[in-house]
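A short write-up of the structure that comes next.
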Amino acid sequence: MLIELTEEQRMLKDTARDFADNELAPIAAKLDREKSIPRELLKKMADIGLLSIIIPEKYGGVGLGNFELVLALEEINRVCASTGVTVSVHASLCTSPILRFGNDEQKQRYLPRLATGEILGAYALTEANAGSDAASLETTARKDGNDYVLNGSKMFITNGGIAELIIVFARTNPDKSLRAKGITAFFVEAGYKGFKVGKKEEKLGISASNTVELVFEDCRVPKENILFEENKGFTVAMDTLDGGRIGIATQALGIAQASLDASVKYANQRKQFGKLISEFQAIQWKLADMATDIDAARMLVYRAAMMRDKKVPHTREAAMAKLFASTMANKAAKEAVQIHGGVGYTKEFPVERFFRDAKITEIYEGTSEVQKIVISRAVLGRK
Ligand code: CAA
């Protein structure tokens, strides 16, 4: 399959690449050490359109689609996976469901501000007792007049402590046996009374991204803040994750490409036994496997993104892209450390960060095991 980018797509990819190489690369290790991303950095990205790729021009965005989003996200993740996931969540998990399920008033209310970076987006589904089994979530939303009153807590919420807008999934029907059928999606703004940011997680990788607990204590949310329909929130959650999984697959792709690039560079500099290590077949075969896996993953990612843009079912394709890309990224990052030998295990070289960052791609937005559930259901023709 030959993919020829249009002039506009090429320009967007170049913009993301230049930003990643010139602005992110010099500070990526520092962000990882200091465990946060300055808001000014995200604002700079917004100013050049990187936070609004999928937002239509009439709302102040770039007006492109998911395919273009992955072109840009690969470049960002190639340099800094923490920044990559921050942008991915903003775009795929917060902006995308507004575009696909929001009404005109909600689009008008939020999209222009998401485009400029004035507000950052997050998505809150996971709870302590509802990880892979998302439909068993326990946060409640009780109707009270024209409001809903939210109680409960969410965990592992990417961007949760820095976002101004969070899409929160809560149980509007207290009967837990209804599972997915009793869940509603709400817009919660960070300033709402009863909304609190809880514990911040210390993580193995993607250390600069913000991962927190969110707590809702009688948090009052107006009924206009329901995204889509009451009790139809699980559909919003799952459709959104179809897009989010493409974003995480792209993150894996970026990390793997970075691992390969660093390995090629090192193998062409490092001499042992009187010659460059790139002249040893042991190293050449590792590089060949990495390059082949990366190309295969990129095709799966592109296919899933194009299908999402065409609005055809792509649940299986998104799951396949994430499963394959995250598996191969972990392999590539591990090989990159191996090719670097001792120095690869130190912070002198970025491959130890790639190795740590890669792991999460097999876990969040559905573990590899969840992706296999999704894919096997499609293969078997079961829902
Ligand atoms: N699109 C639209 N609707 C969908 C859908 C999709 N892709 N998948 C399922 N649904 C609908 C179903 O049609 C069904 O609706 P009806 O009852 O009306 O028929 C409903 O949702 C329930 O579906 P299932 O019966 O398939 O639900 P399940 O309980 O068997 O769960 C699951 C399936 C795939 C395991 C799901 O729970 C899942 O994906 N779990 C993983 C959760 C996850 O990925 N969490 C990530 C958190 S976010 C995150 O990680 C962000 C971050 O930090 C970066």
Side-chain angles (χ1 to χ4, degrees), residues 73 77 81-94 96-97 100-101 120-137 139 154-163 166-169 173 176-185 201 203 205-206 209-214 228-252 304 307-308 311-320 322-323 326 357 359-378 380-383:
L73 278 180
N77 280 293
S82 290
T83 306
V85 71
T86 305
V87 175
S88 187
V89 166
H90 175 81
S92 307
L93 296 192
C94 186
S96 180
R100 289 168 74 92
F101 294 97
L120 190 73
Y123 167 103
L125 177 68
T126 303
E127 299 180 359
N129 295 321
S132 291
D133 183 10
S136 69
L137 64 84
T139 294
K154 297 284 174 180
M155 73 188 298
F156 302 146
I157 306 306
T158 304
N159 293 356
I162 55 174
I166 304 113
I167 296 178
V168 177
F169 298 88
N173 190 317
K176 275 192 75 182
S177 70
L178 286 175
R179 290 181 52 81
K181 290 192 192 326
I183 293 170
T184 303
E201 302 295 343
K203 309 185 296 274
I206 55 160
S209 70
N210 180 273
T211 311
V212 296
E213 177 195 25
L214 299 179
F228 198 37
E229 289 169 32
E230 193 180 55
N231 295 325
K232 296 270 174 67
F234 201 71
T235 301
V236 177
M238 291 294 113
D239 179 88
T240 301
L241 283 172
D242 286 344
R245 286 167 185 166
I246 300 170
I248 300 309
T250 309
Q251 174 174 55
M307 289 175 76
R308 188 163 176 87
K311 296 198 164 54
V312 295
H314 54 282
T315 302
R316 163 186 175 273
E317 288 75 12
M320 283 179 167
K322 182 177 182 292
L323 174 65
S326 61
D357 287 350
K359 184 60 205 169
I360 192 63
T361 65
E362 292 181 315
I363 299 173
Y364 60 16
E365 301 209 24
T367 60
S368 293
E369 291 73 16
V370 163
Q371 307 313 320
K372 288 183 191 182
I373 293 176
V374 172
I375 297 163
S376 61
R377 280 181 182 178
L380 292 164
R382 292 183 191 149
K383 194 173 79 80

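Start at 1 and go down the list; that is how both ligands and their atoms are numbered. Atom set for the values below is all heavy atoms of this structure, side chains included, hydrogens, waters and symmetry mates excluded. Only a predicted model underlies this, so the values are computations on that prediction, with no experimental measurement involved.
- The distance from the CD atom of Q371 to the CD atom of E369 is 9.5 Å, given to the nearest 0.5 Å.
- N210 and G160 make their closest contact through OD1-N, 3.5 Å (heavy atoms, listed as atom of the first residue, atom of the second, distance).
- Scanning I363, T86, T235 for the heavy atom closest to atom 3 (N) of ligand 1 points to T235.
- For ligand 1, the atoms lying closer than 4.0 Å to a non-hydrogen atom of L93 are 51 (C).
- For atom 39 (O) of ligand 1, the nearest non-hydrogen atom from the set R245, E127, K232 comes from R245.
- Two residues are said to be in side-chain contact when any heavy atoms from C-beta on lie closer than 4.5 Å; E365 and S92 fail this criterion.
- Close approach of ligand 1 to D242 (heavy-atom distance below 4.0 Å) involves ligand atoms 1 (N), 6 (C), 7 (N).
- Of the options Q371, R179, R316, K322, the smallest heavy-atom separation from atom 28 (P) of ligand 1 is shown by R179.
- More than 12 heavy-atom neighbours from other residues, nucleotides or ligands sit within 6.0 angstrom of NZ on K203.
- Heavy-atom proximity to R377, at under 4.0 Å, picks out these atoms of ligand 1: 24 (P), 26 (O), 30 (O), 33 (C).
- Here L241 has side-chain heavy atoms under 4.0 Å from ligand 1, and that is the only part of it that gets that close.
- When non-hydrogen atoms are compared, ligand 1 lies under 4.0 Å from the side chain of F234 (C-beta onward) but not from its backbone.
- Nearest-heavy-atom check against atom 36 (C) of ligand 1 across H314, M238, Q251 picks out M238.
- Proximity of L241 to L125: side-chain heavy atoms (C-beta onward) are separated by under 4.5 Å at one or more points.
- Remark: ligand 1 atoms within the under-4.0 Å shell around heavy atoms of V374 are 34 (C).
- If you number the atoms of ligand 1 from 1 as listed, the ones under 4.0 Å from a heavy atom of S132 come out as 35 (C), 37 (O), 38 (C), 40 (N), 41 (C), 42 (C).
- Every N/O-N/O distance between L125 and ligand 1 stays at or above 3.5 Å.
- Counting the atoms of ligand 1 from 1 in the order shown, those under 4.0 Å from a heavy atom of G131 are 42 (C).
- Of all heavy-atom pairs spanning N159 and T86, the tightest one is ND2-O, 3.1 Å.
- Counting all heavy atoms, side chain and backbone alike, G247 lies closest to L73 at CA-CD1, 4.3 Å.
- Not a single heavy atom of I373 sits less than 4.0 Å from an atom of ligand 1.
- Side-chain contact between T235 and E229 is absent, with no heavy atoms from C-beta onward closer than 4.5 Å.
- Near T126, meaning under 4.0 Å from one of its heavy atoms, ligand 1 places the atoms 47 (C).
- No donor-acceptor pair closer than 3.5 Å links the side chain of Y123 to the backbone N or O of F169.
- Residue-ligand proximity, V89 to ligand 1, at heavy-atom distances under 4.0 Å covers atoms 54 (C).
- V370 places a side-chain heavy atom less than 4.5 Å from the side chain of R245.
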Inset, instruction - Go through V89 and Y364 one step at a time and tell me if the side-chain contact (heavy atoms from CB on, under 4.5 Å) criterion holds. - result: CA-CA 11 Å; V89 166; Y364 60 16; over 6 Å; no
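- Neither the backbone nor the side chain of R382 has a heavy atom within less than 4.0 Å of ligand 1.
- Nearest to atom 16 (P) of ligand 1 by heavy atom, out of E365, K181, M155, K154, is K181.
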